[in-house]
Trainee: 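Have a look at this one.
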Amino acid sequence: MLIQFDDIKKAEESQKVYEEGVYTVKVKAVENKVSQNTGNEFLRITFETIGENVFEVKNNYFFTEKSLSIFLNFMSAIGLYDKENPDTSGLRFENEDLLGHTLQLELVLGEPNDKGKRYLEVKPWTCNPTDTDVIP
């Protein structure tokens with residue numbers, strides 16, 4: 001078996017621990033999902049950091065009355081929803097409309113998983129606009 005340097009580098013990067021903090025990110029991917037536990041629909045958005053330490057973080061935005069306001073905060077940060085005019089009846093978008101938008105997110109360490117590992121996750125209510133709107 002031959003181990004390539006690139007394989008070792010990728011393995012080391014996957015073990016790297018990133019710091020909590022505010023990061024500028026772009027929307028890299030958007031997927032429609034349904035919770036197996038509750039049956040609630042949600043969007044899973046993959047963000048990619050911009051800058052020296054590039055990595056991905058995923059966040060689920062559920063479409064329930066309790067958590068819809070968090071999603072609307074995200075939509076406001078990327079300019080697709082106006083908080084000053086909070087009528088959502090005309091809010092329509094395709095997943096592709098979200099791609100490439102930039103914003104700032106606060107990332108914090110989440111609860112340990114079954115193996116005791118803690119990953120960065122998006123802190124609710126921390127979506128803030130950036131000076132740049134869209135990155136191709």
Trainee: CG/Leu105 to CZ/Phe74 distance, rounded to the nearest 0.5 angstrom?
Mentor: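 Between Leu105 CG and Phe74 CZ, I get 8.5 Å after rounding to 0.5 Å.
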Trainee: List the steps, then state whether salt bridge (Lys or Arg N to Asp or Glu O under 4.0 Å) holds for Glu48 with Lys26.
Mentor: CA-CA 5 Å; Glu48 182 178 75; Lys26 72 176 177 179; 3.8 Å; yes
Trainee: For Phe47 and Leu103, run side chain to side chain contact (heavy atoms under 4.5 Å, CB included): C-alpha distance rounded to whole Å, both residues' side-chain angles, the deciding distance at 0.1 Å, then the answer.
Mentor: CA-CA 10 Å; Phe47 299 102; Leu103 64 151; 4.0 Å; yes
Trainee: For Asn40 and Thr38, does a side-chain donor sit closer than 3.5 Å to a side-chain acceptor?
Mentor: yes
Trainee: For side chain to side chain contact (heavy atoms under 4.5 Å, CB included), just list the numbers for Leu43 and Phe63, CA-CA rounded to whole Å, side-chain angles, deciding distance to a tenth of an Å, and then say yes or no.
Mentor: CA-CA 8 Å; Leu43 282 183; Phe63 299 135; 3.7 Å; yes
Trainee: Is there a path of hydrophobic side-chain contacts, each under 4.5 Å between heavy atoms, that joins Val22 and Phe55?
Mentor: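 No, separate clusters.
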Trainee: Heavy-atom distance under 4.5 Å between the side chains of Val25 and Ile50, does that happen here?
Mentor: no
Trainee: Output every pair passing ring-ring contact (aromatic ring centres under 6.0 Å, His included) with a member in residues 77-96, not counting sequence neighbours, ordered by first then second residue.
Mentor: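 Listed once each, the pairs are Phe71-Phe93.
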Trainee: Identify every side-chain donor-acceptor pair in residues 107-115 under 3.5 Å, counting partners at least two apart or on other chains, and give the distances.
Mentor:
residue, atom, partner, partner atom, Å
Asn113, OD1, Lys115, N, 2.9
Asn113, OD1, Gly116, N, 3.1
Asn113, OD1, Lys117, N, 2.9

Trainee: Measuring from Met75:CE to Cys127:SG, what's the distance to the nearest 0.5 Å?
Mentor: 11.0 Å
Trainee: Drop me the distance from Lys123's NZ to Asn59's CG, to the nearest 0.5 angstrom.
Mentor: 13.5 Å
Trainee: To the nearest 0.5 angstrom, please state how far the OG atom of Ser67 sits from the CG atom of Asn73.
Mentor: 12.5 Å
Trainee: Val27 and side-chain contact (heavy atoms from CB on, under 4.5 Å): which single residue from Ile45, Asn95, Thr102, Thr46 fits?
Mentor: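 It is Ile45, the one option of Ile45, Asn95, Thr102, Thr46 that forms the side-chain contact (heavy atoms from CB on, under 4.5 Å) with Val27.
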Trainee: With sequence neighbours excluded, what pairs up with Glu20 under the salt bridge (charged side-chain N to carboxylate O under 4.0 Å, His left out) test?
Mentor: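 With sequence neighbours excluded, Glu20 shows a salt bridge (charged side-chain N to carboxylate O under 4.0 Å, His left out) to no residue whatsoever.
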Trainee: Name all pairs fulfilling the salt bridge (charged side-chain N to carboxylate O under 4.0 Å, His left out) condition that reach into residues 91-100, sequence neighbours left out, sorted by first residue then second.
Mentor: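 Passing the test, one end in residues 91-100: no pairs.
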Trainee: My understanding is that only residues two or more places apart in sequence, or in another chain, count here; which of them pass side-chain contact (heavy atoms from CB on, under 4.5 Å) with Val34?
Mentor: Glu41
Trainee: Apart from Phe62 itself, what residues make up its hydrophobic cluster when side-chain heavy atoms of I, L, V, M, F, W and Y under 4.5 Å apart count as a link, directly or indirectly?
Mentor: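 Phe62 shares its hydrophobic cluster with Phe42.
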Trainee: Could you pull out the closest heavy-atom pair between Ile70 and Pro124, with the gap in Å?
Mentor: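 So the minimum-distance heavy-atom pair works out to CD1-CB, 4.0 Å.
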Trainee: Measure the spacing between NZ of Lys28 and OG1 of Thr49 and express it to the nearest 0.5 Å.
Mentor: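 The NZ atom of Lys28 sits 10.0 Å away from the OG1 atom of Thr49.
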Trainee: Cut-off 3.5 Å, side chains only: do Thr130 and Thr24 have a donor facing an acceptor?
Mentor: no
